[in-house]
S.K.: 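One structure, as structure tokens, below. Some questions next.
Note that this is a predicted model, so its numbers are computed, not measured. Index from 1, following the sequence.
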Amino acid sequence: MVAEEDAVEPILVRILALSALNNYNEALALEKNIDNADEDNHKSAFSKASAYNLLGDYSSYVGNYAKAAFFYNKVYDDLSYIDSDEDKALISGKLAASLRQAGNYEKARKYYEKAMDYAEDSEKSSEIKKAVEIIYREGVSSVESNFKSSSPL
């Protein structure tokens, strides 16, 4: 992170390491580093959205659903026309689940419906709908056996 201050990859590695050490607060503090990453300067398969998704998964895993919704919303806002319908459905589903678990049922339902619409447009419609339904009803960790390895983006 010191050598490549504006690259997202070292941030992702550090989040993973901190999650393995159960150091949630230090992992959350890396949000400022994600915000400062310059994706134009460093081309990579990873993105800020990947890092925010990981922090959302970690927040969900530790039961901080409002914070998870905050991070999933950052990912959702970063979605574009070229992102796959599968990714859009899964992120919308994660956002819906975290909002539901945080008690924001009206907003949760809105994102759940968006997730199902994206799933409907997907080539893997039935699989994605099933995953979204499980995520929404049972939470993110119910589909992903280990949040540390999750990253639909």
S.K.: Look up atom CG in Leu54 and atom CG in Leu12, then write down how far apart they are to the nearest 0.5 Å.
M.R.: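 Atom-to-atom, Leu54:CG and Leu12:CG are 6.5 Å apart.
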
S.K.: Apply the test side-chain contact (heavy atoms from CB on, under 4.5 Å) to residues Ile34 and Ile15: give CA-CA distance (whole Å), side-chain angles for both, the deciding distance (0.1 Å), then the verdict.
M.R.: CA-CA 11 Å; Ile34 298 168; Ile15 292 169; 4.1 Å; yes

S.K.: Please give me the minimum heavy-atom distance between Ser59 and Leu28, naming the atom from each residue.
M.R.: OG-CD2, 3.8 Å

S.K.: Is the shortest side-chain N to carboxylate O distance from Lys110 to Glu106 below 4.0 Å?
M.R.: no

S.K.: Specify the closest pair of heavy atoms between Ala27 and Leu55, including all atoms of both residues, with the distance to one decimal.
M.R.: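 Heavy atoms only, the tightest pair is O-CD2, 3.5 Å.
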
S.K.: Whether the side chain of Ser125 engages the backbone of Ser122 through a donor-acceptor N/O pair (distance < 3.5 Å, no angle test) should be reported.
M.R.: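 Looks like no, no N/O pair under 3.5 Å.
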
S.K.: What I'd like to find out is whether the side chain of Glu26 reaches to under 4.5 Å of the side chain of Arg14, using heavy atoms alone.
M.R.: yes

S.K.: Within the supplied structure, the quantity of interest is the number of heavy atoms (other residues, nucleotides, ligands) at a distance under 6.0 Å from Lys107 NZ; does it exceed 12?
M.R.: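 No - once you tally the heavy atoms of other residues, nucleotides and ligands closer than 6.0 Å, there are 12 at most.
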
S.K.: Please confirm whether Lys74 makes a cation-pi placement over Phe71, using NZ or CZ under 6.0 Å from the six-membered ring centre and within 45° of the ring normal.
M.R.: no

S.K.: Same cluster for Ile91 and Tyr65 if Ile/Leu/Val/Met/Phe/Trp/Tyr side chains link at under 4.5 Å?
M.R.: no

S.K.: Please round to the nearest 0.5 Å and tell me the distance separating atom CZ of Arg100 and atom CZ of Arg109.
M.R.: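 One finds 11.0 Å between CZ of Arg100 and CZ of Arg109.
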
S.K.: Answer yes or no: is there a side-chain heavy-atom contact under 4.5 Å between Lys67 and Val62?
M.R.: no

S.K.: Using every non-hydrogen atom in the two residues, find where Gly93 and Val132 come nearest and quote the distance to one decimal.
M.R.: CA-CG1, 4.3 Å

S.K.: Would a distance-only check, ignoring hydrogens and angles, find a side-chain to backbone donor-acceptor pair under 3.5 Å from Asp121 to Tyr118?
M.R.: no

S.K.: Indicate the atoms forming the closest heavy-atom contact of Ala66 with Ala102, along with that distance.
M.R.: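 In terms of heavy atoms, the two residues are closest at N-CB, 4.0 Å.
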
S.K.: Go through the steps for Tyr76 and Lys114 under the test side-chain contact (heavy atoms from CB on, under 4.5 Å), then give the verdict.
M.R.: CA-CA 11 Å; Tyr76 183 85; Lys114 284 183 180 201; 3.1 Å; yes

S.K.: If we count only N and O atoms by modelled type, under 3.5 Å, do the side chains of Asp78 and Tyr52 hold a donor and an acceptor together?
M.R.: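 Absent: no donor and acceptor within the cut-off.
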
S.K.: Quick one: does Ser60's side chain have a donor or acceptor within less than 3.5 Å of a partner on Gly56's backbone?
M.R.: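 Here the side-chain-to-backbone pair does not exist.
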
S.K.: I want to check something: taking the side chain as every heavy atom from C-beta on, are Tyr61 and Val140 in contact at a cut-off of under 4.5 Å?
M.R.: no

S.K.: Looking only at heavy atoms, what is the nearest atom pair of Leu95 and Ala69, with distance?
M.R.: CD1-O, 3.4 Å

S.K.: In Å and rounded to the nearest 0.5 Å, what is the NZ to CD distance from Lys48 to Glu31?
M.R.: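 One finds 11.0 Å between NZ of Lys48 and CD of Glu31.
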
S.K.: Would you say the side-chain atoms of Tyr72 and Ser92 include a donor-acceptor pair closer than 3.5 Å?
M.R.: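 Judged by distance alone, the side chains do not pair up.
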
S.K.: How far apart are the C-alpha atoms of Phe70 and Asn64, what are their side-chain angles, what is the distance that settles it, and do they pass the side-chain contact (heavy atoms from CB on, under 4.5 Å) test?
M.R.: CA-CA 10 Å; Phe70 171 79; Asn64 190 343; over 6 Å; no

S.K.: Nearest 0.5 Å please: distance from the CD atom of Glu113 over to the CE atom of Met116.
M.R.: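 Between atom CD of Glu113 and atom CE of Met116 there are 10.0 Å.
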
S.K.: Would you give the length of the straight line joining atom NZ of Lys88 to atom CG of Asp117, rounded to the nearest 0.5 angstrom?
M.R.: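 Rounded to the nearest 0.5 Å, the NZ-CG separation comes to 12.0 Å.
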
